Structure formats: structure tokens, C-alpha cells
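Below you'll find the structure, written out as C-alpha cells, and then a few comments.
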Amino acid sequence: MSTSTAQTRKPRLDFKDRVAGLPKPVKIVLWALFAVFLFALPLLNIPFITTEDSDFGGVLFTVATYVLVALGLNIVVGYAGLLDLGYVGFYAIGAYVVGVLSSAHASLPWLVAVPIAIVVAMISGVILGAPTLRVRGDYLAIVTLGFGEIVRLTLVNSQWLGGARGITDIPRPPGIELFEVPSLDWSNGTPVVDLDNTTTFLKFGIGDFVPYYWLALVIIVLVLVFDILVKNSRVGRAWEATREDEDAAELMGVPTFRFKLLAFSLGAAIGGLSGALFAGKAGFISPDSFQLLLSILFIAAVVVGGAGNRVGVILGAIVVSYFPERFREFADFRVLVFGLALMVLAIFRPQGILPPGRTRRVKRADEREQVLEEGLPDA
Amino acid sequence: MLLEVKGLCVNYGRIEAIRDISFTVEEGEIVTLIGANGAGKTTTMKTISGLRPVRAGTVTFDGQDITDMPSHERPVLGISQSPEGRGCFVGMSVMENLEMGTYARPDRKNKATIKDDLDRVFELFPRLKERTNQAAGSMSGGEQQMLAMGRALMAKPKLLLLDEPSMGLAPKLIQQIFDIVTEINSQGTTVLLVEQNAAQALKRSHRAYILETGEIVREGTGKALAADPAVKAAYLGGDV
């Protein structure tokens, strides 16, 4: 047995512990700076990070929707331990509810359509979950996989929903157009404020996707707050127990079926919200936007990032959505490179980039135990 | 009568796991179900705690018919089980596991009562107190067994179901676990025990039932069964 990793390790402080050790005002300032940085990111045009071949605002928006989806799916897969391979179905439902209510069959404003989309996605989560959550593990994965395809095929074949052509002219979120925000220009090697290239604060137009990114970022923050509150509550503990040992959880008095259904419907609601956001930005949706591949990418984001760790899945979502855009210059090879990168990650970080603290804690305790039992070879 | 099982039949698909078994547990007793692998002991336990659906028969607890009650509602009545194979939440710490034990208690918000019960569990299992922050999955089998029992006790049960608490443990530890079972019982908790370790179990229990291929073939006081030649031959290793 190799103890080489354990023997050199000093009592190590996690990044999280270090941040937690800072005085509160410092923490608030750091978080504020980080938030400002995130909001300014599309305007800073930082070399290397900014995508050259596609509009950076648009890419960031896509990344943000993936992050949102990953957070939703993390509740299902990471917290409750339910493998859902048809998550794109809820994403599609969210987008189509907005499409139907605001363009195809009614003309509700986007803002009114979104809450309805969330509720409909949530209900569809309950409808799918109620009969299927009684099966466990692999069977659930297969059933949900089928669900994603059923949703897509229904969209293709229903003329009422626009068939294969989809729904066009979906209204955009309402804007307020207050002021112009300039961006930075790095073309001479040093940053210069570029007053010609500006973004109108909250004009949801068609050429400039930065405001959509801002909107998505705000929604992500709200979802994150919700996520933290739920995870730290009795509900979060019940999910954890259910995931680890369903029978034991029942014996402790946890109504596991109800909690699984809750995770499923909350996840579905967030998926629907992401879809609604996507529809509002794209203005046009068709069944092609909701391929099975998307479900797999969503799952990949969660697994690559570290199921159960919200920061991890955010990183995973960024990896899955940003890198293919960033390396567009590799053209067709990028998918190959992407696949290789996923394999490498799976080999070297099987628990994800940032596995949940508990997984790490068990592992560390195991190592400690091993050192205790076998002794330090050089001590 | 705290627990009454009457004419219980449980199937796994077409296979009959237990056939028409009846037994009772009186308040304050330690009652043991003894049997070989596949005799239906664990199935009986799971049926009492509600994890297996009943095909026929009734389970009555404290005068209430609980045959069809969902398993998660039973801890509220006072039934708590330490499952076979321990079933600790391996990713949670020892303390969090014990807290899960209080999940269904109506008085779980009353910190003083919970603290008292926690102290009582730590008194029974001092090892757990040393390891409150350790992940359950990183502990030894014996410690996990203690944790599973401690967690079940945190529910403050009237009836404690222990499914093979001695499974896979060193002989010295087995002795210790049985001592603790006796202690728990003397503090007023009724215990229904399932065991393969017949010698210890019979010595400790007031009454016992012997299960063979899903049926009760013998019953009596622990002492009487331990002295029974047939039982001796089959479960206690003969005259050795």
C-alpha cells in the first residue's frame, strides 16, 4: 500500500477553511469584488480568456445557463443521488412553455411566462417522478433517459407546438435602457477604455448578449442562495441520508419517497427556469435545441465537477460549456479533445474536480487510519 | 403486549420468505429470533419495521395495527431498528449519524432532552464519544455496529430491533455488544434481537423463537432452549 501521499501531509487547510477564517468585513469585500468581476467579465475582454471566434457575451450566457442547469441537476444527482439522464426534458419544457405562452398561442410577456414555465416544469417533474422514483439506480436512469427522448419526439411530432420547425418570435425580457457601459480594448497590449464599444445597461437586444448574461448571473445567485438554505436544512440532511442508505433513512423516519420526489421537482423547476431563460435569449426554439446530447453534457457537468458540491458542479458546467467554445479554432477536433479531457478527468479525479467535503473527509480519514495501522515508513 | 405478530407471511416475488409465523414481545423483555442463514430472520425484522410488504397476517404494536403503516412513520410510534450490516451513513460524521436517529422525534428541538439521550448513548458506547467528528465510513466494523445501535437508541424507542449486532465482530467485541444489549434492556428498552450467535443470544434473552426456513419450529425461555438437546445439536455446536 502506498502511504507516500499520507506521510508528507501536514494538517492541511482547505481553501474553504481559509476563507472561513477571514474576518467578516474582509469576506464581504472579497465576495463583492468577485461579484463585480463576474459581472464585468464580458466587458473586460481579458486576452486568452475571451473567446475570439464567437461573441464572448453569448458564450458567457451559454456558460451561465449550463451553470444553472448543473445546479438544478446537482440537487437531483448530487444531493438525492438519483441518476437523471433525461434532464433536457425539463429544460425543453421550460423553454416551450415560454414559447407557447408568449408567442405560439398567447402573447404573455416573458416575465409572466417564466414563473408559469417553472411551475409547469415542476409539475412535470412530479408526474415523471411519482411512478418512476420507486425504481432505483440503473432503472431510474433508463426511465429518465426515455423521458428526455419522449419530450423531444413529442415536440417534433406535435404541430400545435410547431413541429420540427419549432416556435419563433419569442419575446425578450423587458429592458430598461438606463446607461451605457463601456468595455476594455486590449488590441495594443494594454487595456484601454473603449467608448465606442458599449453595452446598454439592460437592453435585451439581438446583437449584444451581455445583458442576458447579467440576468442569468442574478438568477444563479438567487438559485445558489436557495440551494444553500435547502441543503443546510432538515431537507438537505434527509436527502443525504436517503442517498447513502435508503432503507436506513426510512428506519430513521425519513419519508424517502417524498424527499426524492421533492428533489426531482426542485431540480425540474430549475431546469425549466434555465430553459425559459434560453428561450428568452434565443427568441427561437425547436426540438433540435433539446437533443439527448445535451442531457449527457448536463450530467457530465455535474459528474466532472463533483456531484454534491455546488462549487464543483459550477466548475464542471464551466468546463463542459466554456472549453468547447474557447477552442473553436480546433474546429472538428475540439469534440475529440473534449472527449479526451473528460476521460483524463475521469481517470485522475473520479470523484470530480471538487468532490463534496464529505467524500474528501472519508478519504482523508481512511488515509489517517492507514497511517495509524501501518505506521509511517520513515518515521 | 408490546409487539404481536400473527400469522405473518412475506414473499419475495413467488418465494415465500416467511410462512405463517406468530410471536409476541412483552414490555421489558429481550426476545431473540434464532435461525440459520435464509431462515427468514432479517425478513421478519424488515417486516416489523415496514421495509417489506406483508402478504398475510398482522403486526400489532402497542395495541395499534401497524401492518400497513409506512416504515418512516413507525419510529414515531417507538420502533427503531439497527439494520443488518449496520447501515451507517458512511459519509456523515458519528455525531451526524446520531442526530439522524432523532429525525422523527417530536421533541427533537428540545436540546436538553436530546443532550441527555446523547450522554446516555456515549455512556453505553464510550468509543463513539472519542470519535464524534470522524466519518462513520472510516470506522471499524465494531465501531460502526456501536454507531448503528447508538443511532437507533437516539430515536428513544420503546422497542429496539437489533439485526445481527454480532455479525462479523471479534469474539471479545461480541461479548461487549451483548453486555450493552443487556444494559440497554435493563434501562427499560424492550429488545427484539435476531442472531446467529445462538449461545450468547439465548443466554441473554428472556424468551426465544427458533426459525427454520420461514417457520417457527420451537419457542421457550432462553434457558430452556439453551438446554434443549435438539437446539444444542443444531445451533450450539452439540456437546463440544
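To find a chain, count down the sequence lines: A is the first, B the second, and so on, and within it residues start at 1. Keep in mind that this is a model prediction, so the values were computed, not measured. Note: hydrogens, waters and symmetry copies are ignored here, and every other heavy atom, side chains too, is used.
Taking CG of A/Asn74 as the reference point, atom CZ of A/Arg310 lies at 8.5 Å (rounded to 0.5 Å).
Inspection of non-hydrogen atoms places no residue of residues 109-128 of chain B under 4.5 Å from chain A. For residues 66-76 of chain B, a heavy-atom distance under 4.5 Å to chain A picks out B/Ser71, B/His72, B/Pro75, given by residue number. Within residues 39-58 of chain B, the residues approaching chain A closer than 4.5 Å by heavy atoms are, in numerical order, B/Lys46, B/Ser49, B/Leu51.
When each of A/Ala248, A/Ala238, A/Ala241 is scored by its heavy-atom pairs under 4.5 Å with chain B, the top score falls to A/Ala241.
Under the ring pair (Phe, Tyr, Trp, His ring centres under 6.0 Å) criterion, A/Phe257 pairs with no residue at all, not counting sequence neighbours.
Across all their heavy atoms, A/Val126 and A/Pro131 have their closest contact at O-CD, 4.5 Å.
Taking the side chain as every heavy atom from C-beta outward, A/Phe259 and A/Phe264 never approach each other to under 4.5 Å. The shortest distance between side-chain heavy atoms of A/Ile270 and A/Tyr87 falls below 4.5 Å. Between A/Phe147 and A/Val143, the closest side-chain pair of non-hydrogen atoms is not below 4.5 Å.
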Open item on the list: side chain to side chain donor-acceptor pair (under 3.5 Å) for B/Glu195 and B/Ser166? Distances and angles first, verdict last.
Closed with: CA-CA 8 Å; B/Glu195 262 297 332; B/Ser166 76; 2.9 Å; yes
Task: Full working for side-chain contact (heavy atoms from CB on, under 4.5 Å) between B/Thr24 and B/Tyr209 - done: CA-CA 10 Å; B/Thr24 58; B/Tyr209 294 85; 3.7 Å; yes
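For the pair B/Arg151 and B/Phe89, the distance from NZ or CZ to the six-membered ring centre is under 6.0 Å and the angle to the ring normal is within 45 degrees.
In this model, no donor atom of one side chain and acceptor atom of the other lie less than 3.5 Å apart for B/Thr60 and B/Gln64.
Judged by distance alone, the side chain of A/Glu250 and the main-chain N or O of A/Thr256 form a donor-acceptor pair under 3.5 Å.
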